[in-house]
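The structure appears below as structure tokens.
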Number of protein chains: 2
Amino acid sequence: MKHQIVVIATGNKHKLEEIQEILKTFPIEIKSMKDVGLEGLEIIEDGVTFEDNAKIKARIIMEKTGYVTIADDSGLEVDYLNNEPGVYSARFAGENATDQENNEKLLKLLKDIPMESRKARFVCAMAAIFPNGEEIVLRGECPGVIDTVPRGTGGFGYDPLFIVPEYQLTFAELGAERKNEISHRARALEKMKILLEDKLGSE
Amino acid sequence: MKHQIVVIATGNKHKLEEIQEILKTFPIEIKSMKDVGLEGLEIIEDGVTFEDNAKIKARIIMEKTGYVTIADDSGLEVDYLNNEPGVYSARFAGENATDQENNEKLLKLLKDIPMESRKARFVCAMAAIFPNGEEIVLRGECPGVIDTVPRGTGGFGYDPLFIVPEYQLTFAELGAERKNEISHRARALEKMKILLEDKLGSE
């Protein structure tokens, strides 16, 4: 299976680059949504789990293109909020909420909650769907604590509130390189790489 | 998560032992279907892929028990038969077909087909379903060739017809120990072990 084509089902340029970087050792040709003429395609992510949403995205694009497709779905789970916002992370404060609105809602819900009760984790479910029906589904997680004020200017989403205990810095303070080493998405991709080895690694 | 309970959703004692052996380094308590009072439970495996069937089994048992559940679904894909018998491997020659009947049907369908066109693979899809909705799905494969006559007395199913090119012996000739090192199930379990490391490995 030399130079198999793999589509990365994301409209996010940053995610695409991150995934490309990690898969660059495989003898595969990576295509973006734009490359396969599906840029801007609206996919309704109505799954109740991250895994469901990743599979929905990957399956639709695999069916439209006939190529192996990899998709992910990510979000924040906060222990005190019974794992909310979860799959609603991007629209926590409403359908077209900004990062700032989502962050403000989260801070409000955790107002006066002490640090030891602000445990959270970033979750990334990742799915690879193959034309023969084979699927790989897995998850990467990054544990952390929700800060009481936003810190840092990097990243996006809840990054300014998400403290990585090991560094005592938020994702927004850590810098892209360090974040990409330890993030939920990096951890999911590392595992995906191991599982793709057999499938895509042989020339 | 010390001594988390994990159910292995199989009625097959041999599979249970194989999985137990590979997961023995984890600080988990493995339960069989019998242990959770579900021995003999009939699950309708009506998925169109191995992955679907593995997930169906694991999800039903997880929902009934509340414990993390691992299930697998395995079968034989023959290139010349467009990947049949596939999910119908156990009932290829009919609903309650014996191994011998299935083997005979396969040999008949491949009658006069030369060795170079008898390529096949054993496939094992494995699913772990967690109470929080998380799922891990992956596949192990073992490539081989379908022999023209059955050879060997070990194993079960299509093992006497399945030649592993590396050894020029069928699965039924190889012996359980060697088979368990290179089989589709062993390969799936190896990957599953890597993915479970984060989830079950920490005390």
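Fair warning: this is a prediction, and the values are worked out from it, not measured in the lab. Letters A, B, ... are given to chains in the order of the sequence lines, protein chains preceding strands, and every chain is numbered from 1.
Distance check, rounded to the nearest 0.5 Å: NZ of A:Lys55 to CG of A:Asp72 gives 14.5 Å.
Taking the six-membered ring where the residue is Trp, B:Phe171 and B:Phe122 present parallel rings, their angle staying beneath 30° rather than reaching 60°.
Salt-bridge annotation for A:Arg59 and A:Glu135: present, with a side-chain N of the basic residue lying under 4.0 Å from a carboxylate O of the acidic one.
Contact residues of residues 184-194 of chain B toward chain A are B:Lys191, B:Ile194 (heavy-atom distance under 4.5 Å).
Annotation: cation-pi geometry satisfied between B:Lys199 and B:Phe130 (NZ/CZ under 6.0 angstrom from ring centroid, within 45° of ring axis).
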Next on the checklist: For A:Asp35 and A:Ser32: C-alpha separation, side-chain torsions, deciding distance, then whether side-chain hydrogen bond (donor to acceptor under 3.5 Å, both in side chains) applies.
Outcome noted: CA-CA 5 Å; A:Asp35 293 333; A:Ser32 67; 3.2 Å; yes
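Between the side chains of B:Arg121 and B:Asn83, at least one donor N or O sits under 3.5 Å from an acceptor N or O.
Options A:Glu134, A:Glu51, A:Glu77 differ in how many heavy-atom pairs under 4.5 Å they form with chain B, and the most are formed by A:Glu134.
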